[in-house]
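Just follow the structure's listing: the first ligand is 1, and inside any ligand the first atom is 1. Atom set for the values below is all heavy atoms of this structure, side chains included, hydrogens, waters and symmetry mates excluded.
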Amino acid sequence: MALQLGDIAPDFEADTTAGRIRFHQWLGDSWAVLFSHPKNYTPVCTTELGYTAKLKPEFDKRGVRAIGLSVDKLEDHAGWSRDIEETQGTALNFPLIADPEFKVANLYGMIHPNASDRFTVRSVFVIDPNKKIRLSLTYPASTGRNFDEILRVIDSLQLTDKHKVATPVNWKQGEDVIIVPAVTGEDAKKLFPAGWKEIKPYLRVVPQPKS
Ligand code: BEZ
């Protein structure tokens, strides 16, 4: 069965551009973004990896480690990394897993045989410090992902964990948030002593809590 939200992200051992890793050990207490890209030396992947490298300060702020995966061999990653730096202006600053035997790709359902049985689709897994999968996304090979959106989801997840709030449609940092339905009125008074706007009993809006 496909991996689902709330499942423990499967552990694995793999060679990466940062050496051999055991995934759970590498994760430590961090959040992680594990993402696959179809193939080295392809244009969309080149832009995605360059942009993800640029986002490192944003990932660091949120306690998130990024890790990419392709089914190319480790020795193919080095030359492509140089191209990424040259064309995207930022060198890779996170590990790339080399998975030529599709071990990790199969473990995470990144091969969709009716799309391609040779390359991974564009999968994304956001994994929390308890090793639970909190987001999974699948994009086709021809569409580059929006990594700002992935950061936005991480912000939302971290707010939910810390403050028991959810985020409404198209929410952006600093905008109002919603008290999660599981919080009773009594508990809401303790959590949000300044009060909230009750549009409906199930739709209670508060300013975004400060971190
Ligand atoms: C790309 O990364 O540019 C790409 C990879 C596979 C299929 C289409 C595009």
Students often mix this up, so state it plainly: with edges at 30° and 60°, are the rings of F192 and W196 parallel, tilted or perpendicular?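 F192 and W196: perpendicular rings.
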Just so I know, are the side chains of C45 and W80 near enough to count as touching, which here means a heavy-atom distance under 4.5 Å?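 C45 reaches W80 side chain to side chain.
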Within 6.0 angstrom of K131 NZ, more than 12 heavy atoms from elsewhere: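 Check passes, neighbour count above 12.
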Around atom NZ of K103, are there more than 12 heavy atoms from other residues, nucleotides or ligands closer than 6.0 Å?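 No, NZ of K103 has 12 or fewer neighbouring heavy atoms, counting only those of other groups under 6.0 Å.
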Using a cut-off of under 3.5 Å, which N/O atoms of ligand 1 pair up with protein N/O atoms, and what distance separates each pair?
residue: ligand 1; atom: 2 (O); partner: T42; partner atom: OG1; Å: 2.9
residue: ligand 1; atom: 2 (O); partner: V44; partner atom: N; Å: 3.2
residue: ligand 1; atom: 2 (O); partner: C45; partner atom: N; Å: 2.9
residue: ligand 1; atom: 2 (O); partner: R122; partner atom: NH2; Å: 3.0
residue: ligand 1; atom: 3 (O); partner: P43; partner atom: N; Å: 3.2
residue: ligand 1; atom: 3 (O); partner: V44; partner atom: N; Å: 2.6

Please check if any side-chain donor atom of D72 sits under 3.5 Å from a side-chain acceptor atom of H77, or the reverse.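 No, no side-chain donor-acceptor contact under 3.5 Å.
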Would V71 end up clustered with F12 when hydrophobic side chains under 4.5 Å apart are linked, directly or stepwise?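 They do not share one cluster, since no chain of ILVMFWY contacts under 4.5 Å joins V71 to F12.
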